[in-house]
Amino acid sequence: DNEGLRDISTKNISIVPLNRAPQAVIANAPTDIQAPSTINLLSGSFDPDNNLEKLEWTASTGAMAQGQTFSFDVKDPGQVTVLLKVTDGLGLVSQTTTVIKASIPPVANPLDIAPAIATDKPTTSEGLLSFLYNSDAVIRDLDEASLIKDKMGLISGKILDESNQPIEGALVRIQDRPEYGHTVSRIDGSYDLVVNPGRYNIEFVYSGFVPAQRNAKLENNDFITAQDVILVKRDSKITELKLSEISTPVVAQSSKFEDSRGERFLRTVFRPNTQAVAVLENGTEVNLDQMSVILTELSVGDNGIDKMPLELPPSSAYTHAYEAVILEAEALGAKDVKFSKPVIKYTENFLDFPVGAAIPVGYFDRINGVWVPENDGFVFRFLSSDNNLAKIDVNGDGVEEDSGTLLAYGIDEEELSTIANNLVQGESYQRVLMNHFSSQDDNLGTQTNSNTTNNNTGSNSSSNNSG
């Protein structure tokens with residue numbers, strides 16, 4: 001002080017270096033490959049603080065691994081997305097993705113190789129069509145002995161993307177009929193298949209896109225053009241969860257989908273003590289615990305009807321369709337995924353159905369190529385929230401339902417808490433229970449009906465129960 005007196009105080013200060021985020025790098029990703037093929041990737045990731053702890057790989061084929069390298073098989077043509085997520089010792093995360101285009105050798109353009117038609121003798125189906133499968137020019141691996149040469153016919157068609165641009169390189173085949181071989185869509189998206197008379201499901205496969213089917217019926221010597229099919233790119237958002245570690249409901253949510261009918265999200269709720277099994281082609285069931293969930297709406301835009309995974313039955317109006325897929329099940333080649341507890345699906349009521357309306361539901365059975373009716377859903381309104389519990393209206397009178405009414409609709413306090421924490425007050429939503437994952441169609445047939453009975457219990461809806 002001004003008299004020369006002084007005092008000294010000391011304090012120890014710990015200086016902790018700022019933890020910097022790790023950097024995820026895929027060192028050697030190819031941009032194009034031939035399918036089928038094995039891809040071998042190497043991480044070039046690093047941590048500025050030399051504290052890199054975990055590297056996790058996920059491919060859109062369903063393959064997953066941890067470590068510096070990642071090796072997986074690509075079977076089908078299409079776009080394969082690879083995600084690398086790295087974590088440092090303090091929990092900071094960085095991730096990167098790369099897209100690899102998988103192709104199979106193109107087929108010839110029939111216009112370039114078609115022989116001249118003889119004018120001095122009768123024209124037969126064999127004479128007109130054999131050039132398509134001779135030497136695997138357009139149709140590959142066809143068993144010529146299986147063809148009825150004087151009755152066989154031709155199925156032609158076109159594959160497009162969501163912008164109505166042709167998709168080149170998609171795999172096209174007849175479901176469960178390997179004797180007819182397969183073909184590949186050409187630069188203009190067109191394809192041709194030679195088959196005997198009969199009813200068929202045509203399969204369209206392009207990795208990274210939702211697979212689809214179309215029905216076709218041929219009479220003797222028919223040449224038909226199938227309905228155009230639009231393949232939808234799967235949503236880029238992946239939700240990873242582990243069922244055995246769920247203590248409170250976990251919500252898997254899609255990216256935002258939007259068209260002239262409004263904005264919406266797909267949300268699926270996995271509840272504690274839920275178990276899942278992947279059902280393989282031979283009936284074997286494999287338990288699933290770690291799951292990577294992708295939710296993709298198919299009914300977006302003016303051309304949504306052509307994006308359906310299969311034509312709808314006549315009694316079903318085109319409204320809302322989506323695919324729910326688990327990558328780990330796809331990697332196993334599973335035909336279905338079943339749950340011990342139904343997974344709850346919420347979507348904004350963007351079609352303005354009345355609160356209380358029943359929502360008939362069908363799922364697409366890819367193995368049999370048909371829509372199968374499921375339990376009805378319904379429309380509710382989220383009125384308000386109190387003590388982290390939603391108050392909802394399920395019959396359209398604008399009044400909060402009591403606990404007894406809600407339990408009759410299968411809604412308990414756990415679900416009311418999930419609604420309060422994930423949905424928007426004042427809005428109405430479609431609620432559907434999913435017993436397994438597939439492509440789904442939620443619709444109200446050919447008319448709406450807000451007085452459908454037993455919709456609270458999820459009665460089985462037939463394909464025309466509200467039409």
Side-chain angles (χ1 to χ4, degrees), residues 33 35-39 41 56-65 70-84 97-102 104 170-173 175-176 182 201 203-213 231-243 252 254-255 266 268 270 274-298 307 309-310 321-339 343 345 363-369 434-440:
I33 63 165
S37 183
T38 298
I39 297 178
L41 299 180
E56 300 171 285
W57 302 82
T58 303
S60 57
T61 60
M64 302 178 71
F70 184 35
S71 180
F72 64 99
D73 294 329
V74 175
K75 180 179 66 174
D76 297 319
Q79 298 176 11
V80 180
T81 301
V82 178
L83 168 68
L84 172 60
T97 61
T98 188
V99 177
I100 303 168
K101 183 179 180 181
I104 51 181
L171 184 65
V172 187
R173 63 196 175 202
Q175 183 187 35
D176 296 329
H182 67 272
N201 285 333
E203 290 185 325
F204 307 93
V205 179
Y206 196 61
S207 185
F209 289 66
V210 178
Q213 295 181 13
L231 296 186
V232 177
K233 188 172 178 61
R234 280 183 170 152
D235 191 29
S236 60
K237 188 171 183 180
I238 301 175
T239 302
E240 296 182 0
L241 58 96
K242 194 170 185 177
L243 291 178
S254 70
S255 302
L266 296 169
T268 52
F270 297 83
T274 298
Q275 296 178 331
V277 294
V279 183
L280 307 186
E281 294 279 0
N282 62 5
T284 301
E285 296 187 349
V286 179
N287 290 326
L288 293 175
D289 188 29
Q290 182 73 40
M291 298 197 304
S292 304
V293 180
I294 300 178
L295 306 170
T296 305
E297 184 181 341
L298 306 176
K307 302 174 187 176
L310 181 71
Y322 49 93
E323 184 206 47
V325 66
I326 296 172
L327 293 181
E328 289 79 0
E330 279 210 330
L332 293 170
K335 65 178 182 180
D336 196 5
V337 176
K338 300 189 299 185
F339 301 100
V343 174
K345 192 274 294 184
Y363 79 90
F364 177 35
D365 179 349
R366 295 191 187 280
I367 300 303
N368 296 303
M434 303 175 69
N435 294 300
H436 50 89
F437 270 15
S438 174
S439 290
Q440 300 269 143

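All residue numbers in this chain count up from 1 along the given sequence. As the structure is a computational prediction, the values presented were derived from the model and not from experiment.
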Output every pair passing salt bridge (charged side-chain N to carboxylate O under 4.0 Å, His left out) with a member in residues 276-292, not counting sequence neighbours, ordered by first then second residue. E285-K338

Once ring-ring contact (aromatic ring centres under 6.0 Å, His included) is applied, do any residues pair with F209, and if so which ones, sequence neighbours excluded? Y206

Which heavy-atom pair separates P77 from A35 by the least distance, and what is that distance? N-CB, 4.3 Å

Is there a side-chain contact between V293 and F270, using heavy atoms and a 4.5 Å cut-off? yes

Of all residues at least two apart in sequence or in a different chain, which pass the side chain to side chain contact (heavy atoms under 4.5 Å, CB included) check with A329? A278, L288, I326, A334, V337

Sorted by chain and number, sequence neighbours left out, salt bridge (Lys or Arg N to Asp or Glu O under 4.0 Å) with E330 holds for R234

Hey, what do you get for NZ (K345) to CG (L266), rounding to the nearest 0.5 Å? 6.0 Å

About how many Å separate OG1 of T61 and CG of D73, when rounded to the nearest 0.5 Å? 8.5 Å

T81 meets the side chain to side chain contact (heavy atoms under 4.5 Å, CB included) criterion, sequence neighbours left out, with S60, T97, V99

Side chains of E323 and P309, heavy atoms from C-beta outward: is any pair under 4.5 Å? no

Pick out which of T38, V82, T58 makes a side chain to side chain contact (heavy atoms under 4.5 Å, CB included) with F72. V82

For M434 versus A324, what's the shortest heavy-atom pair and its separation? CE-CB, 3.8 Å

Within this structure, what is the CZ-CG distance for the pair F204 and L171, rounded to the nearest 0.5 Å? 10.5 Å

Minimal non-hydrogen separation, D76 against V74, with atom names: O-CG1, 3.6 Å

Flag the pair V205 / R173 as yes when at least one side-chain heavy-atom distance between them is below 4.5 Å, and no otherwise. yes

Nearest heavy-atom contact between F70 and A65 is CD1-CB, 3.6 Å

Rounding to 0.5 Å, atoms CG (L83) and CD (E240) come to a distance of 7.0 Å

What I'd like to find out is whether the side chain of Q213 reaches to under 4.5 Å of the side chain of R366, using heavy atoms alone. yes

Between D235 and S255, is there a donor-acceptor pair closer than 3.5 Å when you use the side chain of the first and the backbone of the second? yes

Just verifying a value: how many Å separate L327 CG and I238 CD1, rounded to the nearest 0.5 Å? 5.5 Å

Qualifying residues under side chain to side chain donor-acceptor pair (under 3.5 Å), relative to Q175, sequence neighbours excluded: N201

Contacts of T284 that satisfy side chain to side chain donor-acceptor pair (under 3.5 Å) - sequence neighbours left out: N282

What's the separation between atom CD in Q290 and atom CG in L243, rounded to the nearest 0.5 Å? 9.0 Å

Would you please name every residue forming a side chain to side chain donor-acceptor pair (under 3.5 Å) with S236, sequence neighbours left out? none

E56: which residues meet the side chain to side chain contact (heavy atoms under 4.5 Å, CB included) condition with it, sequence neighbours left out? K54, Q66, K85, T87

Those residues that, when tested against K233, pass side chain to side chain donor-acceptor pair (under 3.5 Å) (two or more places apart): Q79

Contacts of N435 meeting side chain to side chain contact (heavy atoms under 4.5 Å, CB included) (sequence neighbours excluded), chain-then-number -> P342, E374, N375

